[in-house]
Amino acid sequence: MAPVAPRTGDAVFANVERVNAELFTLTYGAIVRQLLTDLEEVEEVNKQLDQMGYNIGIRLIDEFLAKSNVTRCVDFKETAEVIAKVGFKMFLGVTASVTNWDADGTSCSLVLEDNPLVDFVELPDTCQGLYYCNILSGVIRGALEMVSMKTEVTWIRDMLRGDDAYELRVKLLKQVPEEYPYKDDE
Amino acid sequence: MGREVAESCVDSVVIEMVSAYCSRLYSTHPEIAARRIEAIGFQVGHQLSERYTMERPRFSDHLEAIKFICKDFWSELFKKQVDNLKTNHRGTFVLQDNRFRWLTRVSYDPTPANSDVSPASDPSQVVDKAAQATSMHLYFPCGIIRGALTNLGIPCAVSADISNLPACSFVVRIKV
């Protein structure tokens, strides 16, 4: 079968089943709110959101690969661009920009100016220390791990904390060589 | 149409929320997990019905409000209306969705095809487990309906019946 050309983020988003974002935003908000009540410690909520994101990411990568037709990225720079332009667009309907590369090309920032997770959200003073969007960093970490990249994803800027954008730092820790447990003829 | 996101975002977050509450936070207390999941749904339903009724006149009676849930509210959430509405005219309403979107991908196979299920295990227990897992996923939509109706001034209790998947019936009992 001839290889299928990779699709742009807009094209993929136009073709997936979509729902109105309010349901998503309010559902996520209600989850964070309930976790804050149940876990009490903001740090524990951050951890739980990250864990949820990770579990989502390890499944979402399959949907991403199946629907986007992206081909293997030649380097981490391309990976970051694909996450920002196709990944974010396909699921959240927004794109991120990739900036602030370090010298050896293993860490960069994904900057989001528009973020559907935080529509209607304001954090009270009691939630200082909460990374409200921590699920996103977990999703990226989980998804990349399934394509053999161990990463560390941290928040640098957060509009809910008064910054001017959302900035995620993605650092490639190591590339795990793929191991093929099967022989070709099996 | 306002802003949209991929449906898999909502699916993923809901599935993962249910699993976080059932397997990590309250794994030994399913009844507490169920209450928390319902509470999250309640909050969502409460806020959504507030938004979706902003430009409407007040509902004249319970039936009008229930019809709003069956038509407009359901369409916003699931892109279809409830298929059948029944009532006993004494405060109980049954809303049946013949293909409830959040259950269309739930498998419910009573024969344990999985080889690591030991043959000695009681098949009824396997069914119970599957039923319990499915019912955990229903506390969220039940909470949404209760939250929406409560916001419209109708305190009620909501339960779900899934004896014929993927059809699902929500039973609303209005408190008098």
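Lettering of chains follows the sequences in order, A, B, ..., and the numbering in each one begins at 1.
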Should we count [atom1] of [X] as having more than 12 external heavy atoms under 6.0 Å?
{"X": "Glu78(A)", "atom1": "CD", "result": "yes"}
{"X": "Tyr139(B)", "atom1": "OH", "result": "no"}
{"X": "Arg56(B)", "atom1": "CZ", "result": "yes"}
{"X": "Glu31(B)", "atom1": "CD", "result": "yes"}
{"X": "Lys80(B)", "atom1": "NZ", "result": "yes"}

Grouping I, L, V, M, F, W and Y whenever their side-chain heavy atoms are under 4.5 Å apart, do [X] and [Y] come out in a common cluster?
{"X": "Phe88(A)", "Y": "Val98(A)", "value": "yes"}
{"X": "Phe120(A)", "Y": "Leu23(A)", "value": "yes"}
{"X": "Val176(A)", "Y": "Val147(A)", "value": "no"}
{"X": "Ile15(B)", "Y": "Ile162(B)", "value": "no"}
{"X": "Ile58(A)", "Y": "Leu173(A)", "value": "no"}

Taking side chain as everything from C-beta outward and backbone as N, CA, C, O, which of these in [X] sits under 4.5 Å from a heavy atom of chain A? Side chain, backbone, both or neither.
{"X": "Phe78(B)", "answer": "neither"}
{"X": "Ile32(B)", "answer": "neither"}
{"X": "Phe42(B)", "answer": "neither"}
{"X": "Ile37(B)", "answer": "neither"}

_Non-hydrogen side-chain atoms of Glu76(B) and Asn20(A) separated by less than 4.5 Å_ = yes
*Is any side-chain heavy atom of Arg24(B) closer than 4.5 Å to a side-chain heavy atom of Gln48(A)?*
yes
_Contact residues of residues 58-75 of chain B (partner chain A; heavy-atom separation under 4.5 angstrom)_ = none
For residues 125-136 of chain A, dump all side-chain donor-acceptor pairs below 3.5 Å to protein atoms at least two apart in sequence or in another chain.
from, atom 1, to, atom 2, distance (Å)
Asn134(A), OD1, Ser137(A), OG, 3.1
Asn134(A), OD1, Trp155(A), NE1, 3.2
Asn134(A), ND2, Asn46(A), O, 2.9

Quick check on the interface: out of [options], who has the most heavy-atom pairs with chain B under 4.5 Å?
{"options": "Gln51(A), Arg33(A), Met90(A)", "answer": "Arg33(A)"}
{"options": "Val16(A), Val94(A), Leu92(A), Thr37(A)", "answer": "Leu92(A)"}
{"options": "Asn55(A), Leu60(A), Leu39(A)", "answer": "Asn55(A)"}

*Please lay out, stage by stage, how Asp38(A) and Leu25(B) fare under the test side-chain contact (heavy atoms from CB on, under 4.5 Å).*
CA-CA 9 Å; Asp38(A) 295 338; Leu25(B) 300 176; 5.5 Å; no
_Toward chain B, the part of Val139(A) with a non-hydrogen atom under 4.5 Å_ = neither
*Checking Phe24(A) against chain B: side chain, backbone, both or neither under 4.5 Å from a heavy atom?*
both
_Among Arg59(A), Arg18(A), Glu17(A), Glu63(A), the one residue meeting side chain to side chain donor-acceptor pair (under 3.5 Å) with Ser8(B)_ = Glu63(A)
*Name the option with the most non-hydrogen atom pairs under 4.5 Å to chain A; the candidates are Val44(B), Ile40(B), Ile144(B), Leu77(B).*
Ile40(B)
*Name the member of Val10(B), Val5(B), Val13(B), Leu48(B) that forms the most heavy-atom pairs with chain A at distances under 4.5 Å.*
Val5(B)
*What pair of heavy atoms forms the shortest contact from Arg3(B) to Asn115(A), and how long is it?*
NH1-C, 4.3 Å
*Indicate the atoms forming the closest heavy-atom contact of Leu26(A) with Gln47(B), along with that distance.*
CD2-OE1, 3.5 Å
*Any chance you could measure Phe140(B), atom CZ, to Ile31(A), atom CD1, to the nearest 0.5 Å?*
6.5 Å
*To the nearest 0.5 angstrom, please state how far the CZ atom of Phe91(A) sits from the OG atom of Ser12(B).*
7.5 Å
*Any ion pair linking Arg51(B) and Glu22(A) (charged N to carboxylate O, less than 4.0 Å)?*
yes
